**Q** 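This is the structure, below, for whatever I ask next.
Small disclaimer: the values here were computed from a predicted structure and weren't measured.
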Amino acid sequence: MHGTRKAAERAELRLQDQVEDGRARVDRPTVGELLDRWLEHARPSLAVKTFEGYERIVELRLKPELGAMRLERLRGSDLDALYAKMLDEGRAPATVRQVHAVAHRACRQALRWDW
């Protein structure tokens, strides 16, 4: 019994390490959960203004449109539809490129985390 307890404690420590560095898999995360986790993960390596810009894009553009969607269901066509909608609403192409850059970075990180 004592060996089982030690093994469980080691497994718990490994999981805590994975959670702390972003490698733990969230069960069926949403796009919004990914974006929140990615912002938290990226924040230490970003300049303050850069982080604030990314956060604004996440909160004003990505999460309202895609945040509730399960990450596993997200397709390139969903992002293309968002970009087309933004252009139809009169958003500048540069703004659409910024939104794409944030979405791309977050999705690339999701792949690294095996989400």
**Q** Quick check: do V31 and C107 have side-chain heavy atoms less than 4.5 Å from each other?
**A**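 No, too far: nothing below the 4.5 Å cut-off.
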
**Q** Spell out, as yes or no, whether a donor-acceptor pair under 3.5 Å connects the side chain of Q109 to the backbone of A106.
**A**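 No; judged by distance alone, with no hydrogens or angles, the pair does not exist.
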
**Q** In residues 83-104, what donor-acceptor pairs under 3.5 Å come from side-chain atoms, sequence neighbours left out?
**A**
| from | atom 1 | to | atom 2 | distance (Å) |
| --- | --- | --- | --- | --- |
| Y83 | OH | H100 | ND1 | 3.0 |
| K85 | NZ | E65 | OE1 | 3.3 |
| K85 | NZ | E65 | OE2 | 2.7 |
| H104 | NE2 | R108 | NH1 | 3.4 |

**Q** Looking at D36 and K63, is there a salt bridge between them, counting it only when a charged N and a carboxylate O are closer than 4.0 Å?
**A**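 Judged by the 4.0 Å cut-off on N to carboxylate O distance, K63 and D36 do form a salt bridge.
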
**Q** Name all residues meeting the side chain to side chain contact (heavy atoms under 4.5 Å, CB included) criterion together with L46; count only those two or more places apart in sequence or in a different chain, and write none if there are none.
**A**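 Here the qualifying residues are A42, T50, F51, Y54.
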
**Q** Which value, rounded to the nearest 0.5 Å, describes the distance between E72 atom CD and W115 atom CH2?
**A**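 E72 atom CD to W115 atom CH2 measures 12.5 Å (nearest 0.5 Å).
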
**Q** I'd like to know whether L66 forms a side chain to side chain contact (heavy atoms under 4.5 Å, CB included) with L82, so could you lay out the CA-CA distance, the side-chain angles of the two residues, the decisive distance to 0.1 Å, and finally the verdict.
**A** CA-CA 9 Å; L66 303 170; L82 171 61; 4.1 Å; yes

**Q** Heavy-atom distance under 4.5 Å between the side chains of P29 and L34, does that happen here?
**A**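 In short, these two side chains do not touch, never coming nearer than 4.5 Å.
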
**Q** Under 4.5 Å between side-chain heavy atoms, counting indirect links through other Ile/Leu/Val/Met/Phe/Trp/Tyr residues: same cluster for M69 and V58 or not?
**A**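 M69 clusters together with V58.
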
**Q** Counting only heavy atoms not in R70, do more than 12 sit closer than 6.0 Å to its CZ atom?
**A**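 Above 12, so yes.
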
**Q** Can you list every salt bridge (charged side-chain N to carboxylate O under 4.0 Å, His left out) pair that touches residues 45-58, not counting sequence neighbours?
**A**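 Pairs touching residues 45-58 that pass the test: none.
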
